[in-house]
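In what follows, a single structure is set out as structure tokens and then discussed.
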Amino acid sequence: QAQVVESGGGLVQPGGSLRLSCTASIGFFNIYTVGWYRHPPGEQRSLVASVAAGGFTNYADSVKGRFTISRDNAKKSVYLQMNSLKPEDTAVYYCALQGKYWGQGTQVTVSS
């Protein structure tokens with residue numbers, strides 16, 4: 001059974017930056033597509049960004065040019081660098097491996 005742990009959330013002012021980390025305890029981490037999702041209050045959860053085993057990345061239109069996803073297979077980790085944050089980025093952010101193994105989430109709040 002995989003364990004997925006997110007970290008790096010917090011309170012930041014509009015225009016600020018945060019870096020989220022996702023670390024998994026699972027064999028063959030390198031073969032998994034890993035996605036970052038977010039669940040804003042009162043809305044549905046949606047995909048923010050994903051990185052495939054071969055390194056191909058995909059982003060939601062709302063975060064293109066502001067967020068960058070990357071992975072370090074040696075550390076079994078995926079990162080989400082979030083820049084130019086907006087209040088509408090406020091949400092609980094989740095990491096998931098292949099949409100099957102999920103973490104508990106980390107809260108990101110963008111507010112002045």
Side-chain angles (χ1 to χ4, degrees):
Q1 186 72 14
Q3 281 193 317
V4 180
V5 179
E6 304 96 337
S7 63
L11 173 64
V12 63
Q13 291 187 343
S17 298
L18 283 175
R19 187 189 191 219
L20 304 184
S21 297
C22 166
T23 302
S25 59
I26 190 170
F28 303 105
F29 173 84
N30 57 298
I31 70 172
Y32 288 93
T33 291
V34 182
W36 281 100
Y37 298 76
R38 66 186 181 188
H39 193 172
E43 299 181 31
Q44 294 200 356
R45 186 173 61 194
S46 62
L47 178 68
V48 174
S50 64
V51 56
F56 179 81
T57 58
N58 181 55
Y59 296 92
D61 288 343
S62 59
V63 306
K64 283 181 180 176
R66 299 189 298 124
F67 291 10
T68 303
I69 190 170
S70 60
R71 67 189 298 159
D72 183 338
N73 290 329
K75 295 183 178 179
K76 297 186 178 182
S77 294
V78 171
Y79 308 99
L80 187 68
Q81 178 66 43
M82 306 187 295
N83 299 328
S84 302
L85 282 162
K86 304 175 182 180
E88 51 264 44
D89 294 318
T90 295
V92 179
Y93 283 71
Y94 297 89
C95 174
L97 274 61
Q98 215 72 32
K100 180 178 180 180
Y101 304 108
W102 291 81
Q104 293 301 306
T106 185
Q107 175 70 47
V108 171
T109 303
V110 184
S111 175
S112 55

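The basis for the numbers below is simple: all heavy atoms, side chains too, and nothing from hydrogens, waters or symmetry mates.
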Item to check | Qualifying salt bridge (charged side-chain N to carboxylate O under 4.0 Å, His left out) pairs, either residue in residues 60-74, two or more places apart | outcome: Asp61-Lys64, Arg66-Asp89
Checklist entry - In the single-linkage hydrophobic clustering (I, L, V, M, F, W, Y; side-chain heavy atoms under 4.5 Å), do Phe56 and Ile31 co-cluster? => result no
Next on the checklist: Side-chain heavy atoms nearer than 4.5 Å, only ILVMFWY residues, links allowed to pass through others: does that put Val5 and Ile26 together?
Outcome noted: no
Checklist entry - Angle class for the Tyr94/His39 ring planes (parallel below 30°, perpendicular above 60°, tilted otherwise)? => result tilted
Can you give the donor-acceptor pairs under 3.5 Å from side chains of residues 45-53 to other protein atoms, not counting sequence neighbours?
none

How long is the span from the [atom1] atom in [X] to the [atom2] atom in [Y], to the nearest 0.5 Å?
X	Y	atom1	atom2	value
Tyr37	Gln44	OH	CD	14.0 Å
Leu80	Tyr93	CG	OH	7.5 Å
Gln104	Ser7	CD	OG	13.5 Å

Item to check | Near-ring test Phe67/Trp36, centroid separation under 6.0 angstrom | outcome: no
Provide the closest heavy-atom pair for [X] versus [Y] in the form atom of the first, atom of the second, distance.
X	Y	value
Ser21	Tyr79	OG-CD2, 3.4 Å
Met82	Val108	CE-CG2, 3.9 Å
Tyr59	Ile69	OH-N, 2.9 Å
Ser111	Pro14	C-CD, 3.6 Å

For residues [X] and [Y], determine if any side-chain heavy atom of one lies less than 4.5 Å from a side-chain heavy atom of the other.
X	Y	value
Val34	Phe29	yes
Arg38	Val63	yes
Thr90	Gln107	yes
Glu6	Leu20	no

Checklist entry - Has Gln3 got more than 12 heavy atoms of other residues, nucleotides or ligands less than 6.0 Å from its CD? => result no
Checklist outcome for this item: Ser17 meets the side-chain hydrogen bond (donor to acceptor under 3.5 Å, both in side chains) criterion, sequence neighbours left out, with Asn83
